[in-house]
Amino acid sequence: MNYITFDNNAVVSFIYIAIALICSACIAFTMTPVARVLAFKIGAIDVPKDKRRMHRVEMPLMGGVAIYTAFIITTLAFCDISSNAKEITGLLIGASVIVVTGIFDDRFNLNPLIKLAMQLIAALIVALCGVTVDNIGIFMGGEMVSLGIFSIPVTVLWIAGMTNAVNLIDGLDGLSCGVSAISALSILISSFFMPDTPLFATLLTAILAGACIGFLPYNFNPAKIFMGDTGSMFLGFSLSVISILGVFKTTAVISYWVPFIAFAVPICDTTFAFVRRILKGKSPFSADRGHIHHRLIDMGFNQRQSVTILYAISIIFGIAAVLWAIKKPIAGFVIIVSAIIILFINWRFITKSETTRQETGLGLATLQPTAPVVPDENVTNTRSDVAHAQSDKE
């Protein structure tokens with residue numbers, strides 16, 4: 001198995017990885033209009049019918065088809081399939097299961113338990129193909145702990161958890177795609193500082209980042225198409241599997257913290273969402289308007305400002321992940337703590353006052369209750385109509 005090393009071949013490896021990233025971005029960019037037309041053809045349209053949705057016009061879903069297509073084509077073209085056949089086959093089959101599930105969900109709004117079951121099946125396929133978390137490093141100065149018989153359950157839990165985490169933050173134009181791109185780039189840069197990272201895992205990370213970058217121009221506010229569950233679940237699934245293939249296969253204990261830091265935004269948001277819903281006596285998979293991006297909107301930020309703020313937070317955690325990868329955890333910790341303090345100051349002492357809100361120069365709107373969207377009676381049924389009807393029954 002080939003590894004990235006800082007020798008005379010490093011420049012060649014870097015160029016090869018960069019070309020793969022650019023190729024994936026170009027394919028995703030050119031495939032997105034096709035995915036948009038397909039969404040209209042099969043009726044995968046999101047109609048704004050509740051306060052959780054930030055858009056005010058019908059929006060085609062299934063943009064994830066373009067991301068998935070770019071990832072598949074570029075992976076087959078650039079990765080050494082013969083040397084890593086089992087792992088790559090497991091990834092591609094599992095990803096295909098996730099994408100098919102996402103397409104059905106974008107069109108028919110599947111029951112959350114059905115989606116979870118399909119996620120677990122896809123994760124199990126990957127694990128049975130040998131992509132597993134075999135060891136874990138808890139303390140930075142300690143040794144690796146073998147998971148033994150718990151290897152497959154932990155792997156499945158990690159993959160399913162990340163799949164849902166990225167899916168749940170997909171609430172604003174460009175949010176989930178941009179955060180996934182930043183996370184992938186963070187892992188990609190980190191891999192260059194970890195010499196025992198497999199080359200094909202680094203390639204896969206670059207390809208996934210490229211696919212996100214290629215789709216983002218269509219998805220950033222004002223969006224022309226949404227990823228839908230097709231894209232958000234695919235990105236979460238792929239990020240989790242690639243982290244197992246790369247970072248979790250390294251021998252350094254400190255490296256085990258890199259993916260958790262790089263994926264901090266979706267992980268934290270999902271954890272808080274599940275805890276919040278459970279404490280309220282609701283299903284952890286029930287929809288609500290309590291995510292981080294909803295809170296930012298309620299504070300007066302518009303969509304672009306809210307997404308930019310979350311991009312900045314993701315980049316900060318990404319930088320911290322890279323510092324962890326180069327064995328400078330104290331520096332990474334300082335970056336994270338400093339960012340948290342600054343965010344707390346902004347939230348607690350600045351945006352709470354109407355006067356200071358104006359003095360920020362950010363153009364923050366005055367807090368006003370959001371009026372519910374009145375649906376058009378002539379709009380045909382879509383997954384949003386089904387979701388709205390189901391929530392009324394509950």
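All residue numbers in this chain count up from 1 along the given sequence.
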With ring pair (Phe, Tyr, Trp, His ring centres under 6.0 Å) as the criterion, how do F193 and W324 come out once you've worked through the C-alpha distance, each side chain's angles and the decisive distance to 0.1 Å? CA-CA 10 Å; F193 295 96; W324 239 270; over 10 Å; no
For [X] and [Y], indicate whether the former's side chain and the latter's backbone hold a donor-acceptor pair under 3.5 Å.
X	Y	answer
S240	F237	yes
S24	L21	no
N221	D173	no
S151	L147	no
D106	D229	yes
T197	M194	yes
T205	A184	no

Determine, stepwise, if the pair M118 / L110 fulfils side chain to side chain contact (heavy atoms under 4.5 Å, CB included). CA-CA 11 Å; M118 297 306 295; L110 298 178; 6.0 Å; no
R36 vs Y218, side chain to side chain contact (heavy atoms under 4.5 Å, CB included): CA-CA, chis, key distance, verdict: CA-CA 10 Å; R36 194 171 189 272; Y218 294 96; 5.9 Å; no
Let me check something: do [X] and [Y] share a hydrophobic cluster, defined by ILVMFWY side-chain heavy atoms less than 4.5 Å apart, either directly or through other members?
X	Y	value
I342	I335	no
I345	V334	no
F260	I330	no
I340	L296	yes
I152	L157	no

More than 12 foreign heavy atoms under 6.0 Å from CZ of F150: is that the case here? no
More than 12 foreign heavy atoms under 6.0 Å from OH of Y311: is that the case here? yes
State, yes or no, whether a side-chain contact exists between [X] and [Y] at a heavy-atom distance under 4.5 Å.
X	Y	value
I27	F71	no
L208	F234	yes
L310	S306	no
I88	L76	no
S180	L239	yes
W257	P329	no
T202	S13	no
V131	L91	no

Distance (rounded to the nearest 0.5 Å) between [X] [atom1] and [Y] [atom2]:
X	Y	atom1	atom2	answer
M227	M233	CE	CE	11.0 Å
L203	L188	CG	CG	9.0 Å
I315	L185	CD1	CG	9.5 Å
T89	I93	OG1	CD1	6.0 Å
I292	C268	CD1	SG	7.0 Å
I19	T74	CD1	OG1	12.5 Å

CA sep, side-chain torsions, deciding dist, call: F263, F317, ring pair (Phe, Tyr, Trp, His ring centres under 6.0 Å): CA-CA 8 Å; F263 307 150; F317 279 107; over 10 Å; no
What are the two closest non-hydrogen atoms of [X] and [Y], and how far apart are they?
X	Y	result
A70	A211	CB-CB, 4.2 Å
C212	C177	O-SG, 3.3 Å
S190	A325	CB-CB, 3.6 Å
F226	N219	CA-ND2, 3.8 Å
C79	I207	SG-CD1, 4.3 Å
M62	A44	SD-CB, 3.7 Å

Step by step, would you call L323 with I326 a side chain to side chain contact (heavy atoms under 4.5 Å, CB included)? CA-CA 5 Å; L323 291 171; I326 61 178; 4.0 Å; yes
Under 3.5 Å, sequence neighbours excluded: what are the donor-acceptor pairs made by side chains of residues 161-171?
unit_1 : atom_1 : unit_2 : atom_2 : d
T163   : OG1    : I159   : O      : 2.7
N164   : ND2    : Q119   : OE1    : 2.7
N164   : ND2    : A160   : O      : 2.9
N167   : OD1    : S232   : OG     : 2.7

When you look at L235 and F215, which way does the side chain to side chain contact (heavy atoms under 4.5 Å, CB included) test go after all the steps? CA-CA 12 Å; L235 288 179; F215 175 74; over 6 Å; no
Is there a donor-acceptor contact under 3.5 Å linking the side chains of S96 and Y68? yes
